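Here is the structure we will look at, set down as structure tokens.
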Protein chains: 2
Amino acid sequence: MSETGRRLLEAATAAFAAKGFHGTTTRDIATGAGVTPGAVYVHHRSKEELLFQISRHGHEATLDLLVSTLEQAPDDPVEQLRALMFEFARWEAVHHTTARIVNYELQALSPEHLDEVVALRRDLRALVRDLVERGRAAGVFHVDDPGLTVVLLISLCIDITRWFSDDGGWSAEEVAAGVSQAALRLVGVAPQS
Amino acid sequence: MSETGRRLLEAATAAFAAKGFHGTTTRDIATGAGVTPGAVYVHHRSKEELLFQISRHGHEATLDLLVSTLEQAPDDPVEQLRALMFEFARWEAVHHTTARIVNYELQALSPEHLDEVVALRRDLRALVRDLVERGRAAGVFHVDDPGLTVVLLISLCIDITRWFSDDGGWSAEEVAAGVSQAALRLVGVAPQS
DNA sequence: GTCTATAATATGATAGAC
DNA sequence: GTCTATCATATTATAGAC
């Protein structure tokens, strides 16, 4: 992709995160990238295509991160959950601008694009569910409702997107440490950390 | 307010929750209420005024619920947190349509209206923070970072808005029970429930 | 590849008949 | 109070000059 094409993607990311897809105009995006409205369509098919590119890339990056985190973690559900939640939470905090679009602009995607992205979200959820089930089978996690536990674990990470700010009270690493500790408590692992 | 005025509010709530403020047109709202676009302005000043009315009412209802829940709860931080989180989570689940607007459409409010709503959000946060501090002072909550704990507790409730569905796997009460148990674990209370 | 200009449509809100 | 009609503007996207 050309330099201008990339700048347009960045401008779209900033604008979509701040004002939402429907609250952003193609003029906003063009202006943010330092070009005139007509130039947008040399680099991108449509405004929705820009959204899809941001959303898909964000989903793929998150999923790739979690898969490789699990691959590198020791063969222990406790350490795996700690690592998974730390990296997941850190990603949402560091990339909170992109993550906001990933998590809150799904409804603006075309039906076909939404399908593709929902499949990636299903994969991510399956990853967490499998880990919770393994910890439960190993007798180290103690949860009444594994399905609801999975939703709440993911909630802790996704909602970071909503409240995290670069100039707020915590760094991405502090948030990640707090969330991964909270996760271990949530699955009934004694708070030794 | 007239019957039509109320129907317009309900139609706006449904539309804003489904498509966002900027993704909703005044024609959508009028059609949803069974009237023509011109009739909207007999009952409401503007589209943004509809949003503000929904948002303010939702914020006030949540805050009132939490205040009265704390008033009625026994003088024990553990039971107070259990009750507070149960009622908060249940409200977000039962009223997930309104709650979606409350939690995710802040940026579409006018600056003056946003100020008013942010003040209510601050009050709600202070309520939770005070409770966590009291539990900590009493030696029954064990948390390293009370501020971050408060954010995560509120996260568990707010994010319900995003994922809860009436025809999903859990009732509002099941979710509320799971969230309040998760909250107690999160603050380091032994999982006896 | 970017610009200016503009087409085609959609939008928030209002006017005036009934 | 609701309707039809419409104003004024904004919007996505394209056309054609440079």
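Worth saying up front: this structure is predicted, and the values here are computed from it rather than measured. Lettering follows sequence order; numbering is per chain, from 1. Worth knowing before you read on, the calculation uses all heavy atoms, side chains too, and leaves out hydrogens, waters and symmetry mates.
Closest of all the heavy-atom pairs between B:L8 and B:A33 is CD2-CB, 3.5 Å. Between B:V132 and B:P146, the shortest heavy-atom distance links the atoms CG1-CB, 4.3 Å. Smallest separation of non-hydrogen atoms from A:L109 and A:L114: CB-N, 4.0 Å.
If you measure from atom CG of B:L8 to atom C1' of C:dA13, you get 14 Å, rounded to the nearest angstrom. Across the protein-nucleic acid pair, B:R27 atom CZ and D:dC3 atom P stand 14 Å apart, rounded to whole Å. Rounded to whole Å, atom P of C:dT14 lies 12 Å from atom CD of B:E49. Rounding to whole angstrom units, CD1 of residue B:I29 and P of D:dT2 are separated by 15 Å. Atom-to-atom, CD of A:E48 to C1' of D:dT11 comes out at 16 Å; the value is rounded to the nearest Å. Rounded to a whole Å, the NE2 atom of B:H44 is 14 Å from the C1' atom of D:dT2. The nearest whole Å value for the distance from the CZ atom in A:R7 to the P atom in C:dG1 is 13 Å. Here the C1' atom of nucleotide C:dT11 and the NE2 atom of B:H22 are 13 Å apart, to the nearest Å.
Remark: side-chain polar atoms of A:S180 are paired, donor with acceptor, to backbone N or O of A:A177 under 3.5 angstrom.
Remark: A:S165 engages A:D167 in a side chain to side chain contact (heavy atoms under 4.5 Å, CB included) (not counting sequence neighbours).
For the segment residues 33-43 of chain B, residues with any heavy atom less than 4.0 angstrom from an atom of DNA chain C are, sorted by number, B:G38, B:Y41.
One finds a side-chain N or O of A:T4 lying less than 4.0 angstrom from the OP1 or OP2 phosphate oxygen of C:dT2. For C:dG12, one of the phosphate oxygens OP1 or OP2 lies less than 4.0 angstrom from a side-chain nitrogen or oxygen of B:T26.
Under a 4.0 Å N-O distance rule, the pair A:K19/A:D28 qualifies as a salt bridge.
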